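Right, one structure below, let's go through it.
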Amino acid sequence: MADVLGTTGEAARVLLVTAGFGAGRTTVLEQARRTAARAGVTVVRLAGEGEDDGPRDPADAVLTAAGGHLVLTGPATLHAGIPRAARSRLRAGGMEGLSALSEALASVARRMPLALVVDDADLLPEPAADALGLLLRVFRPYGVPVVLAGRDRSARAAADEVLGLPPLRPDDVARLVGLHVTRRFGRPADPALADAVARSLGSLAGNPRAVLSVLGTLDGRDLIELDGLLCLTRADLRLAAEDAFLLGFGRPHEPPYPGIVEAAIVTARVLDHADVHLDDAFRMTSPAGAQALERRLDRLIMDGVLTTDDRGRLSFAVPALAAALRDLPYERDVQANSARYVTALADRIGAEATGRGYPRLADRVAASGPLVPDSLAVPLLLAAAREEARTDWPRAARAYAAALDRLPPGDPRTPDALHEASALSLRHGDHAGLLGLGGVLEAVLDARGAQLVGETAELQSVAATRAWAALHEHHIDRVPATPIDLFPVAAELAALGGLYGVGPLTPRRTADAHPLPQTGPGGHRTPLPSPVELRLVAAAVGSRAELGQARRGLPVDALDDGTLDRLRDAAAYGDLAGAFGAVLGDRYVTEVDSVAAGYRGMVREHLAGDWDAALAAARRIEVRVRTRAVAGDPCLPRVLAAEMHCARGDVVRARAWLDLVPDAFAHPLAGRVRLAVGYWSGQREAALERARRDARRARKDGRLAGVERLLLRVVSLAALDGRPDTVREVVEELETLHEEADTPMTHEALLMARALADQDTDSALSAHRLVLRRGDAHLGALCCLRLAHLADDPRPWLTEAVRDARRLGLGGPFRTAVHRVADLRGIPLPRLRKADAQLSDADIRLVRMVSDGATNRRIAAELACSPKTVEQRLARLFRRTGCRTRTELAAFWLNEHLDRQGPGTDPTARGRRSVGAGP
C-alpha cells in the first residue's frame, strides 16, 4: 500500500484493499499513509459528505468538490497548490466539478508527490460513491495514485489491482493475546490460551478485532496462574455482544431480529445440546415455514456463518459467535417445539419405533426435559441409543445417560441399560461418561439392596469399568462407598492405583478369583486387562522375582524385552497409561485428554528433554482438574513439574507445585523432589534423612520402581555435602536394590553411584551408554558432567553436558557444578551459543564467505551492497551468536551444521582413542 502511494506519473495506479470487519484494514491503511507521508508524499483523505467528521490534524485543510458530495482533507499545501480560478469550479456539480477536481489534483501532482486514500469505500453515501466512481473511471487525475479500502469488491471496476488483506498469522495472534493479557492482568499468558482463542474463532482466527473481542469477555475468574503464566479455565469462549453481529453478519442488529439472525440464534441454541441436520430441521418445520427456513439457512451458509459436513450436519464457522448468540434474549421456546414434534410422532408410530427410525431425535428429547413424559422418553431414548451405538457412539452415550436419569433405580430395565451404557463408554475410552454413571449405580445399590447388587454380574461389570475410568482420571476415591467384597474387581483396580501413586496403598486382592469382564453386550471385547495382565502391571513396580512370576501366565512371545523395559520405565514414574499401553498394545483405549494420557505424554517429553512441552502438559492437567468434576487429584504430574523446576534452579516454582501435593503422598518420585527442594532450601541434613526414610518405606511397601533415582540423588547430594559415610551406605542400599529389582534403571543408578563414590571412569562411561540407549536427557547430562570430572580429556564431555543443560534449561545447581568442574580441571567454560541463534540462508552465505577469508569489500561486491552494510550485518550476527571474532563466527556456523547432520549421537562414538578420554 505504501509503495502504491509513492508512485508518480504513468506508474500511478488505483489499488483496492479488501478485508472484513475488524481485520485491521483501517490501521494498515493509516500506517501506509504515515509511511508515505514520511517519504515526502502529500496524502489526501477523500470521504463522502458528512463522513469525514473524525479527529484531524489542525494543520489540515478541507476542500469540498463534486457539488459537495466529496470531501478532501489534507495538508494545507494541497489547498495552496490549487489555482484560485480552479477552486470555485471544484464545487460545481456533475461532470464539470469532477473534471475540475481531476485537473486540480493533476496540477498539484506535477509539482509534488500526491496520493489519495479512501477508507470504507463500500460505505460511502450513494451520491459520493457515484462521484468517486466517475472520477476514477472517466476523470482519473494523471499521476495521482489512489488506495481504496473496503469490506467488499464493489469498487473493483475502478481499480487497477485488488489486494486482499491477509489475516494474522498464528504467531501474530499469539503475540496479540500475550500483549493483551499481560497489560490487562499483569501476567503473561500460557501459549495454550492463544490456541484456545484461535479454535473458538474458527474462520475469524486471524481477525484482530475478533481476537480482542473474545479476550475482552474474560475476567480474573476465567484464569488461573501456573508457572507464572495465566491459564484458561473457561471452555465456552465467546465474542462480546457488541461485536457479534458486526463480525458474524457484517452489520449491527437490534431486536426484533430479522429472520436470518433469528434462524442463527435458534440454530445456536439447539447446537448447544444436539446435532442439527438439514433434513431434521426441515422435517420439524411446518410446510408453511419450510420455504422461509430454506432461504434463511441458504443465506447463512453462503455468508459463511454456518457450515455443513458431508452428512448434512450444521455447525458454526465461528464457535465464539454461536456462544454469543446463545446468550441473547429470545422469546420462542425451542425445546417446546421439539417436544411437540416428538410427542406427535411417538403417538403416531410408537416410542420405540421413533427411537429406532429417528435416533437423532434423542438429543432433542433429552433437552426437552419434562415436556416429553417419561413413558415416551425412556423407550425412545433406549431404542435410539441401541440404534446409534454402532454408528455414532457419542450420541448413543448421551441417550443412555438421559434414559438413566429418568429411569427409577428399582426399574428392571435399569441394570441392563447401565451395563450397556458402561460397556459403550469403555470401548471408546469415555471416562467422563463412565464416571457419570456413578450416581445411578449408587442409587441402584440403595434401592435393590447390597447383597442383590453384589450378585448381579451386570452391576459388577459397571463397578469395574467405573473404577477403570476413575483410575485414568486419578480419581480412585470414586469407587462406590460399599464393602469391597461387593465389588472385588473395583477394589483390585484401586489397589493397583495405590502402587502407581493414584490413591492410597491398600492390600492387594487376588485377581484370579475375580477376573475383569473381557466382553461386553453383543460379544465386544473390552480393553480391560485380563487377570494375568493386571498382575503383570502390578508386578512391574516390584522385584524381579515378582515380575518373573507374573509373566508365567503369558505366552512366551507375548512380551519382548523392549516392551518389558517400557513397562518398568513407566512403573518408575507411576505412568499407568504407559504401563497399560505396553501390556495391552492395540487393545488399550483411553480418552486423549484424560489425566493418565496427559501424564503419559508429560513423562515422554520429560525423558526426551523437551521440558517446556512437559510443563505445558502439567498445566493442561491442572486446568482439567480445576475445571472438570471428573478429574481427581493428580499428585504425580505436580511432582514431576516440581522436579523439572528444581533441576532448573527455580525452587520457588518447584515449591509452588509441591505445595499442591499432600504431605502424606508417598511415592519415590515425590521423595526425590522433596529431597531436592529441602536440600537447596538449606535443610540439608533433615532432607537427606527424610529421603532415606522414604526409600526404606517404599521398599517395605513393595514399591521398588523409582527408588533407585531417589537413592542416586541422596548419593549425589551427600557427596556434595562431604558425607562419605552416607555415600557408602547408600551405595550399598543401591546394590541390594539392584539385586532385588534388576532393571535397566537400577543398573544405571548403581553405575552412576559407583562413579560418584569411587571416582570410577568405567562405571560413568557404562552408565552414559545405558542412559543414551534408554533415553533420559536429564540423567544423560549428569553422566556427561561426571565424565567431565573423570575423563582424561574433560573438554568434550563438559561441552556435551552444557549443551544438554541448555536444551533442558538447567540452571542454579547445575551451572555451579559446571563452573566447579571447569575450575577443577583447569579448562575454560564451553562457549556454546543460544539454541535459537539459527542462521538464515543469507546469514550462512555471509558466514561462508567470512570463513573463506573474504574481506568486507569483497563480500560487498559479491552481495551487491556497500561495505558498510556488510559491516552492519556482521555486527548483528556477532550480537546474535555471542561471537567476538570472524574466526569464532565461522566456528559457530560449523558447529550448528554438524549438529544438524547428526543430532543426539553418543559423544563416545565420535572417535575416542582411549577409555575415559572423552568424545
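We number each residue from 1, following the sequence as shown. If you're wondering where the values come from, they're calculated on a predicted model, not measured in any experiment.
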Short side-chain to backbone donor-acceptor contact, [X] and [Y], under 3.5 Å:
X: Arg386; Y: Ala396; result: no
X: Thr343; Y: Arg340; result: no
X: Arg703; Y: Ala666; result: yes
X: Glu388; Y: Ala385; result: no
X: Arg406; Y: Gly369; result: yes

Just jot down the side chain to side chain contact (heavy atoms under 4.5 Å, CB included) partners of [X], sequence neighbours excluded, or say none.
X: Thr307; answer: Ser315, Ala317
X: Arg600; answer: Asp575, Ala577, Tyr588, Arg604
X: Ala320; answer: Ser200, Leu201, Val214, Leu239, Val318
X: Ala353; answer: Ile349, Arg356

Heavy atoms only: give me the nearest [X]-[Y] pair and the separation to one decimal.
X: Leu376; Y: Ala351; value: O-CB, 3.6 Å
X: Met602; Y: Ala618; value: CE-CB, 3.5 Å
X: Asp275; Y: Arg398; value: OD2-NH2, 4.3 Å
X: Glu591; Y: Asp430; value: OE1-C, 4.5 Å
X: Arg364; Y: Ser368; value: O-OG, 2.7 Å
X: Leu382; Y: Ala417; value: CD2-CB, 3.9 Å

*asked:* Quick test of your reading: applying ring pair (Phe, Tyr, Trp, His ring centres under 6.0 Å), list the pairs with at least one residue in residues 359-380, sequence neighbours left out, ordered by first then second residue.
replied: none
*According to the ring pair (Phe, Tyr, Trp, His ring centres under 6.0 Å) rule, which pairs have a member within residues 377-402, sequence neighbours left out?*
Trp393-His428
Do [X] and [Y] come close enough that some side-chain heavy atom pair is under 4.5 Å?
X: Arg413; Y: Leu407; answer: yes
X: Leu471; Y: Tyr500; answer: no
X: Leu232; Y: Leu237; answer: yes
X: His472; Y: Val502; answer: no
X: Val589; Y: Arg427; answer: no
X: Leu636; Y: Tyr573; answer: no
X: Leu223; Y: Thr233; answer: no
X: Leu534; Y: Leu528; answer: no

*List for me each residue that meets ring pair (Phe, Tyr, Trp, His ring centres under 6.0 Å) alongside Tyr358, sequence neighbours excluded, and say none if there are none.*
none
With [X], which residues qualify under salt bridge (Lys or Arg N to Asp or Glu O under 4.0 Å), at least two apart?
X: Asp190; value: Arg619
X: Arg552; value: none
X: Asp586; value: none
X: Asp347; value: none

*asked:* Applying side chain to side chain donor-acceptor pair (under 3.5 Å), can you list everything that pairs with His667, at least two apart in sequence or on another chain?
replied: none
*Start with the C-alpha gap between Asp560 and Thr563, add the side-chain angles, then the distance that decides, and say whether side chain to side chain donor-acceptor pair (under 3.5 Å) holds.*
CA-CA 5 Å; Asp560 57 24; Thr563 302; 2.7 Å; yes
